Structures are given as C-alpha cells and as structure tokens.
Amino acid sequence: VQLQASGGGLVQAGDSLRLSCVASGFTFRNYHMAWFRQAPGKEREFVGSIGWSGDVTYYADSVKGRFTIFRDNAKKMVYLQMNSVNPEDTAVYYCAAVSAYRGGLNGLTRQSDYHVWGQGTQVTVSS
C-alpha cells in the first residue's frame, strides 16, 4: 500500500503548479483522497479532498478558488492543481487516502481520518 507524491518545486508568487500522487497496492477507485500540507513550524493542515468517484470535492477556505483536486481512477492518480500561489502556500504537501467503505467524504478533514499517506513533496513559493 503506497502513495507517491511528486511535482513540487520552487515557483514565484502568482505562478501555477500541479502536484501528482500515484497509488499502488490498493483498489484506488474505492478510496477517497485528500491533500494536506505542513509548513515549517506549523501543524499539518487539510487542503482539500475528493470522493472516490471524483464527483465531490471539499477545500480549505485558504485555497478555495485557487486550488483544484481531480483524479483519474484508471491511472490511479490524484492531482492538486495550484493556481495563483503565494508564499503562504509554501509547505510540504502530502496525499492521503481513506476507504470509501468507511462512509462519505463530508467532514473528513483531520489527519486521523486518513490511513494511507504518501511521503510528501516540497512546494516553495517566492515573493
């Protein structure tokens, strides 16, 4: 059971960046997926999530309207499209998964709600 995130890097404020996360070892289409991030010295925080079918998404207020999550179940991948980034978006970004058999996606915003985690990819936004 594994998640592998990639796509991070150094960008300038206002730029766009797309993160990717590929799953292996479990039936991806049966899992809700989420992105979290952790800035230096801060707690890991919820960024957004997407339901197993891709029809439902939730976002943190801090990224709503700028970030978009989408998934490709055939490729076992989930993406985080980041637009209009700013220095406050600087963090290590993690993808996470939880079985859809545990229930709906609504309210699943805590780290403890997810039981599969990737290793993280660093995003640094310069001003």
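Heavy atoms only: backbone and side chains are in, while hydrogens, waters and symmetry mates are out. Since we're looking at a predicted model, the values are computed, not measured. The first residue of the sequence shown is numbered 1, and numbering continues consecutively from there.
- Here the side chain of S99 pairs a donor or acceptor atom with the backbone of Y101 at under 3.5 angstrom.
- Cation-pi geometry between R110 and F36 is not met at under 6.0 angstrom from the ring centre and within 45 degrees of the axis.
- A distance of 6.0 Å separates OH in Y58 from CG in L105, rounded to the nearest 0.5 Å.
- Remark: Q2 engages no residue in a side chain to side chain donor-acceptor pair (under 3.5 Å) (not counting sequence neighbours).
- For the atom pair I69 CD1 and C95 SG, the distance stands at 10.5 Å (nearest 0.5 Å).
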Donor-acceptor pairs under 3.5 angstrom involving side-chain atoms of residues 17-26: please list them, not counting sequence neighbours.
{"residue": "R18", "atom": "NE", "partner": "Q81", "partner atom": "OE1", "Å": "2.7"}
{"residue": "R18", "atom": "NH2", "partner": "Q81", "partner atom": "OE1", "Å": "3.2"}

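- Qualifying side chain to side chain donor-acceptor pair (under 3.5 Å) partners for K64, counting only residues two or more places apart in sequence or in other chains: D61.
- Rounding to the nearest 0.5 angstrom, the gap separating the CZ atom in R102 from the CG atom in L108 is 9.5 Å.
- For Y59 and F46, the gap between ring centers reaches or exceeds 6.0 Å.
- Atom CD of Q4 and atom NZ of K76 lie 15.0 Å apart (nearest 0.5 Å).
- Ring orientation note: the planes of H115 and Y31 are tilted relative to one another, at an angle of 30° to 60°.
- Across Q119 and L3, no two heavy atoms sit closer than the pair OE1-O, 3.6 Å.
- Between W117 and Y94, the ring planes lie perpendicular to each other; the angle is over 60°, past the 30° to 60° tilted range.
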